Undergrad: 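Take this structure, written in structure tokens, and hold onto it; I'll ask about it next.
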Number of protein chains: 2
Amino acid sequence: MIVQVKIQEQCFLKDPDSSELGQNIIANSISLIDEVGFEAFTFKKLAQRIESTEASVYRYFENKHKLLIYLVSWYWNWLDYRLTFAMHNISSPKRRLEIFVEHITQPVKVDPTFGHIDEVALHRIVISESSKVYLTKEVDADNEDGYFISFQKLVKELSMIVRELNPKYKFPSALISTVIESAHFQRFFSTHLCALTESDSESSLEKFLKHMLFSTISSTK
Amino acid sequence: MIVQVKIQEQCFLKDPDSSELGQNIIANSISLIDEVGFEAFTFKKLAQRIESTEASVYRYFENKHKLLIYLVSWYWNWLDYRLTFAMHNISSPKRRLEIFVEHITQPVKVDPTFGHIDEVALHRIVISESSKVYLTKEVDADNEDGYFISFQKLVKELSMIVRELNPKYKFPSALISTVIESAHFQRFFSTHLCALTESDSESSLEKFLKHMLFSTISSTK
DNA sequence: TAAAGTATGATAGTATTACTATTATAAAAA
DNA sequence: TTTTTATAATAGTAATACTATCATACTTTA
């Protein structure tokens with residue numbers, strides 16, 4: 001059986017999954033962005049690393065921003081796929097939301113299903129770079145082109161579970177998107193700006209987010 | 001009486017508040033970043049707008065990243081100053097936290113105390129660009145140089161109020177930093193990615209955040 | 001009041017980035 | 001076998017992110 005994480009076609013010029021060079025581009029852009037950060041990442045450096053040329057990379061992606069959108073979308077689709085799996089046959093909405101928080105707070109493990117993707121490095125990229133995909137002046141155009149549907153789909157699915165748990169709660173999507181973003185920057189803060197958080201480990205972050213999530217959902221006041 | 005928002009000296013080469021050119025740099029970098037976004041903002045374009053030269057701008061700021069740190073720090077100091085004022089003589093910690101949420105959710109008004117600063121535009125910049133000041137590979141070095149103390153001070157002060165309200169709650173700083181960041185991207189989502197939030201106005205954002213904040217603080221479970 | 005210091009402007013120059021275009025060549029498909 | 005396609009090699013452009021030098025005007029201070 002083939003499991004593939006499909007990414008909306010608009011964000012690449014040629015499907016990187018369709019060739020060795022393409023998979024090389026993905027694998028090495030993950031390691032390079034992880035090492036030097038998105039600002040210092042260039043197609044030229046990437047081309048040097050894979051012993052190819054800038055022009056060849058440009059045949060797959062219009063620019064590095066589209067490549068980042070691809071990587072982040074891949075991550076959301078992969079998380080969605082793992083969540084679907086983990087929540088399967090679990091009837092309790094509370095338990096399903098717990099599984100969700102556990103998945104976004106616990107350390108990511110490399111998934112051998114996707115050989116060329118280093119999910120651990122990709123997760124670090126998602127933590128520090130994912131908000132840059134939408135925090136731009138092109139956000140409206142990019143959104144119209146459907147670049148953010150992976151994230152939107154995930155938030156929608158999870159907000160439905162919140163609704164199951166408390167149909168009267170008014171802000172399920174806002175709460176889910178807050179929990180997801182919070183998981184990222186609280187993790188970032190605990191590593192780099194520890195004055196901004198008490199969370200110093202995966203398990204304390206999990207506690208913080210579960211408590212916030214369930215207190216908010218169940219509070220009627 | 002002179003009210004001045006003081007910014008830590010490390011982030012500029014020459015205090016922009018000390019000269020007309022400096023104030024011009026600040027005023028016009030706010031309007032230019034607001035218009036074109038931080039990525040497309042350059043010192044060359046700024047110099048053209050103020051009819052000066054790139055070299056002159058470089059005499060005030062090492063690079064555009066340091067300038068952004070300056071602007072964002074200015075905003076946090078200004079918010080801190082307004083909060084101190086608004087919370088003065090209010091003994092109830094709950095009411096003080098309500099005032100805090102109202103300040104970060106309600107529309108910003110231009111403050112005539114600071115002639116050359118357009119606080120409304122600056123607030124838009126803070127919403128879409130402020131996280132970029134720390135989401136870099138240089139975050140640890142920048143933090144050691146004290147570039148983030150304005151934000152850290154604000155979070156610390158507010159977390160003390162959370163502690164007053166519930167001394168047993170384990171994550172006051174994490175909660176406050178989450179509420180502040182959430183105020184930003186929920187606002188951004190409601191304008192650009194409305195599928196990610198139910199909040200469609202300042203007042204609904206205020207409701208969402210107040211409910212989340214106080215449910216979390218008071219929930220004992 | 002003259003000399004010295006300081007701030008800005010004008011101009012030039014460099015390395016890097018973010019691309020686009022052209023041609024050659026090797027491998028795969030028809 | 002011809003044609004198509006993918007990639008490599010190379011070159012080139014405009015913009016970015018600076019650094020350096022020098023002239024000049026305006027302020028201090030001796």
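None of the values given here were measured: they were computed from a predicted structure. Lettering of chains follows the sequences in order, A, B, ..., and the numbering in each one begins at 1.
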Undergrad: When the nearest nucleotide of DNA chain C is assigned to B:Ala55 and to B:Lys14 on a heavy-atom basis, which residue is associated with the more 5' position?
TA: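 Nearest nucleotide further toward 5': that of B:Lys14.
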Undergrad: Whole angstroms only, please: what is the CG-C1' distance between B:Asp15 and C:dT6?
TA: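 So the CG-C1' distance, B:Asp15 to C:dT6, works out to 16 Å.
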Undergrad: Going by distance alone, is a donor N or O of one side chain under 3.5 Å from an acceptor N or O of the other, for B:Ser204 and B:Glu198?
TA: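 Not at all, the side chains of B:Ser204 and B:Glu198 share no donor-acceptor pair under 3.5 Å.
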Undergrad: Can a side chain N or O of A:Ser52 be found less than 4.0 Å away from OP1 or OP2 on D:dA8?
TA: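 For D:dA8, OP1 or OP2 has a side-chain N or O of A:Ser52 closer than 4.0 Å.
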Undergrad: Rounding to an integer number of Å, can you tell me how far A:Gln48 CD sits from D:dA8 C1'?
TA: 15 Å
Undergrad: Rounded to whole angstroms, how far apart are NZ on A:Lys64 and P on C:dT17?
TA: 9 Å
Undergrad: Starting from P on D:dA8, measure out to CD on A:Glu20 and report it in whole angstrom.
TA: 10 Å
Undergrad: Can you tell which of D:dT7, D:dC18, C:dT8 lies closest to the side chain of B:Arg59?
TA: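 Selected nucleotide (nearest to the side chain): C:dT8.
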Undergrad: Which nucleotide sits closest to the side chain of B:Thr42: C:dT11, D:dA17, C:dC19?
TA: D:dA17
Undergrad: In whole Å, what is the span from the CD1 atom of A:Ile50 to the C1' atom of D:dT7?
TA: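 To the nearest whole Å, that distance equals 11 Å.
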Undergrad: When you look at NZ of B:Lys132, are more than 12 heavy atoms from neighbouring residues, nucleotides or ligands closer to it than 6.0 Å?
TA: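 Buried by this count: over 12 neighbours within 6.0 Å.
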Undergrad: So which nucleotide from C:dT17, C:dA18, D:dA8 ends up closest to the side chain of A:Leu21?
TA: D:dA8
Undergrad: For the atom pair CG (A:Leu193) and CD (A:Gln186), what is the distance rounded to the nearest 0.5 Å?
TA: 10.5 Å
Undergrad: Would you kindly give the CG-to-C1' distance between B:Asn24 and C:dT8, to the nearest whole Å?
TA: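 It works out to 13 Å between those atoms.
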Undergrad: Looking across every strand, which nucleic acid part, if any, lies under 4.0 Å from B:Tyr60 by heavy atom: base, sugar-phosphate, or nothing?
TA: sugar-phosphate
Undergrad: Can a side chain N or O of B:Thr53 be found less than 4.0 Å away from OP1 or OP2 on C:dA10?
TA: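 No, B:Thr53 has no side-chain N/O under 4.0 Å of OP1/OP2 on C:dA10.
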Undergrad: Which of the following nucleotides, D:dA8, D:dT19, C:dT8, is nearest to the side chain of B:Ser19?
TA: C:dT8
Undergrad: Is any side-chain N or O of A:Lys45 closer than 4.0 Å to OP1 or OP2 of C:dT17?
TA: yes
Undergrad: Which is true for A:Phe43 with a 4.0 Å heavy-atom rule: it touches a base, it touches only sugar-phosphate, or it touches nothing?
TA: nothing
Undergrad: Would you kindly give the CZ-to-P distance between A:Phe41 and C:dT17, to the nearest whole Å?
TA: 12 Å
Undergrad: Do A:Asn77 and A:Ser150 get their side chains close enough for a donor-acceptor pair, meaning under 3.5 Å?
TA: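 Short answer, yes.
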Undergrad: What integer distance in Å separates A:Lys44:NZ from D:dG12:C1'?
TA: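 Interatomic distance, NZ of A:Lys44 to C1' of D:dG12: 12 Å.
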Undergrad: Start with the C-alpha distance between B:Phe12 and B:Glu9, add both sets of side-chain angles, then the distance that settles side chain to side chain contact (heavy atoms under 4.5 Å, CB included), and finish with yes or no.
TA: CA-CA 6 Å; B:Phe12 51 74; B:Glu9 296 186 5; 4.1 Å; yes
